[in-house]
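Bear in mind that the values here come from a model prediction, so they are computed numbers and not experimental data. These values consider heavy atoms only, across backbone and side chains, with no hydrogens, waters or symmetry-generated copies.
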Amino acid sequence: LHHISTPWMHDHITPRDGRIDRQGNPCPMIWIYHYLVTGGIDALMRDKVYHKLRRNEHLIGGHCGPRELEDVSSDTLLSASEMTAIATGNPHVRRKVLLEAELTRLQQLYRSHRDDRARLRREGEWIPARLTEFRRQVEQARASMALRDQTDGQPFAIDLLDATYTDKREAHARLDKAIGALAQELSGDRYRAVGRYVPVGRYRGFPLALHVRFTDFDLTLQGPLGEYLTAPTSFDPMGQWATIEHALKRLEATASTAETSIRQLEQRLRQAAVEYVRPWGHRVRYEELRLELNTITASLIEDGIAVAGFP
């Protein structure tokens with residue numbers, strides 16, 4: 001395969017190579033030729049295109065993390081300053097322009113490194129608070145599970161206001177009556193009551209309350225550590241108590257989800273601590289190139305060549 005010209009993007013080269021570098025080719029070996037002009041831009045273009053191709057393959061293979069990635073698009077297209085450097089006959093001017101392009105790229109990487117450190121610092125501030133919240137959820141769920149398990153297997157019984165009910169339909173009728181009375185009581189000032197918990201009894205050792213919402217009520221069970229398990233009110237007598245039981249059965253899932261979040265956040269916090277103290281990996285190279293640029297700039301000024309300073 002002969003590449004007569006060098007394209008701008010690596011995804012133009014890959015299909016070309018794929019014409020012969022593919023399954024089904026009986027040849028044990030293939031040859032791919034690139035024709036480059038000495039002193040032209042073809043060689044620089046080819047180096048940039050293949051540099052991006054190798055980097056993408058490295059990323060797809062999972063061999064580098066986000067802190068090692070750079071802005072790959074900036075390596076693909078030639079800037080006007082690079083083209084000017086190639087065309088000029090003064091090697092110092094050429095080197096100066098190329099140094100400035102490389103230093104600009106390194107400065108962009110440093111800004112990205114600095115932004116990453118700021119993000120990691122913020123994570124170190126909010127993750128501990130989230131860990132505390134998830135640990136509290138686990139503790140609450142386990143305390144509620146312990147209380148729930150004390151009445152496992154016992155026949156249905158619920159305390160509602162003035163009596164204990166063992167029949168689910170009768171209990172639902174009494175609850176429905178209590179909801180109607182509360183709605184009538186709050187009819188004149190419903191919005192001020194939104195968010196209130198009105199006690200109505202006990203179920204399986206849990207205090208039972210109606211949670212006032214804008215248009216309806218939720219039936220809630222208060223756990224031993226103060227958390228609320230919510231079960232929407234239902235017109236179906238059997239469905240109402242099934243909903244409450246489902247809220248109690250969700251306790252294991254709640255604890256498991258919180259424990260998973262704890263493990264993920266703890267790992268993220270450890271990674272953030274390691275990443276935060278990691279120094280910028282290009283500092284030595286940046287200082288070396290900056291010193292070389294200052295030397296070349298001073299030499300050009302001594303030769304009477306007007307050059308712009310580099311920030």
Side-chain angles (χ1 to χ4, degrees), residues 1-87 94-95 97-113 115-117 119-120 123 256-257 260-261 263-272 274-276 278-286 288-289:
L1 177 67
H2 297 263
H3 289 282
I4 303 302
S5 62
T6 302
W8 293 100
M9 302 293 291
H10 74 84
D11 55 0
H12 294 167
I13 289 183
T14 304
R16 291 184 186 179
D17 294 345
R19 299 293 183 182
I20 61 172
D21 186 9
R22 61 194 302 172
Q23 292 181 348
N25 187 349
C27 299
M29 185 178 298
I30 61 174
W31 287 267
I32 298 177
Y33 297 92
H34 293 266
Y35 295 92
L36 308 176
V37 178
T38 303
I41 66 172
D42 287 348
L44 183 57
M45 287 173 56
R46 179 188 177 279
D47 289 343
K48 285 179 170 291
V49 168
Y50 273 91
H51 176 63
K52 181 178 180 182
L53 178 60
R54 289 192 299 270
R55 184 186 305 168
N56 286 0
E57 292 174 346
H58 195 62
L59 172 60
I60 294 173
H63 303 300
C64 62
R67 290 292 300 275
E68 285 75 30
L69 294 180
E70 301 174 3
D71 183 9
V72 296
S73 62
S74 63
D75 285 335
T76 304
L77 299 180
L78 294 176
S79 65
S81 60
E82 288 175 316
M83 292 183 179
T84 301
I86 295 170
R94 170 189 170 88
R95 182 59 179 164
V97 173
L98 295 179
L99 282 173
E100 289 176 345
E102 178 64 10
L103 286 171
T104 298
R105 187 183 69 87
L106 292 177
Q107 287 179 344
Q108 293 173 349
L109 293 179
Y110 177 74
R111 285 193 290 269
S112 177
H113 172 79
D115 293 342
D116 283 347
R117 284 177 57 87
R119 175 182 56 80
L120 293 170
E123 289 185 357
S256 177
T257 300
T260 300
S261 298
R263 289 192 297 270
Q264 292 174 343
L265 287 176
E266 287 177 341
Q267 180 181 4
R268 187 171 177 181
L269 190 61
R270 289 191 296 268
Q271 292 175 344
V274 173
E275 291 289 330
Y276 185 78
R278 179 183 297 177
W280 185 47
H282 303 283
R283 184 175 300 279
V284 174
R285 174 169 171 76
Y286 179 84
E288 291 175 349
L289 296 182

Exercise for the section: Find out whether Thr260 and Gln264 are in side-chain contact, i.e. whether some heavy atom of one side chain is under 4.5 Å from a heavy atom of the other. Expected result: yes

Problem - Asp21 side chain near Asn25 side chain, heavy-atom distance below 4.5 Å - result: no

Working to the nearest 0.5 Å, report the span between [atom1] of [X] and [atom2] of [Y].
X	Y	atom1	atom2	result
Asp116	Leu109	CG	CG	10.5 Å
Arg278	Arg117	CZ	CZ	12.0 Å
Trp31	Leu1	CH2	CG	13.0 Å
Ile30	Asp17	CD1	CG	7.5 Å
Ser261	Arg268	OG	CZ	11.5 Å
Leu289	Glu100	CG	CD	11.5 Å

Exercise for the section: Could you label the plane-to-plane angle of the Tyr110 and Trp280 rings as parallel, tilted or perpendicular, counting under 30° as parallel and over 60° as perpendicular? Expected result: perpendicular

Closest contact, heavy atoms only, [X] versus [Y]:
X	Y	answer
Arg19	Arg22	O-CD, 3.4 Å
Ala272	Glu123	CB-OE1, 3.9 Å
Leu106	Arg285	CD1-CG, 4.3 Å
His3	Ile13	CE1-CG2, 4.2 Å

Handout entry: Lys/Arg N to Asp/Glu carboxylate O, Arg263 vs Glu266, below 4.0 Å
Key = no

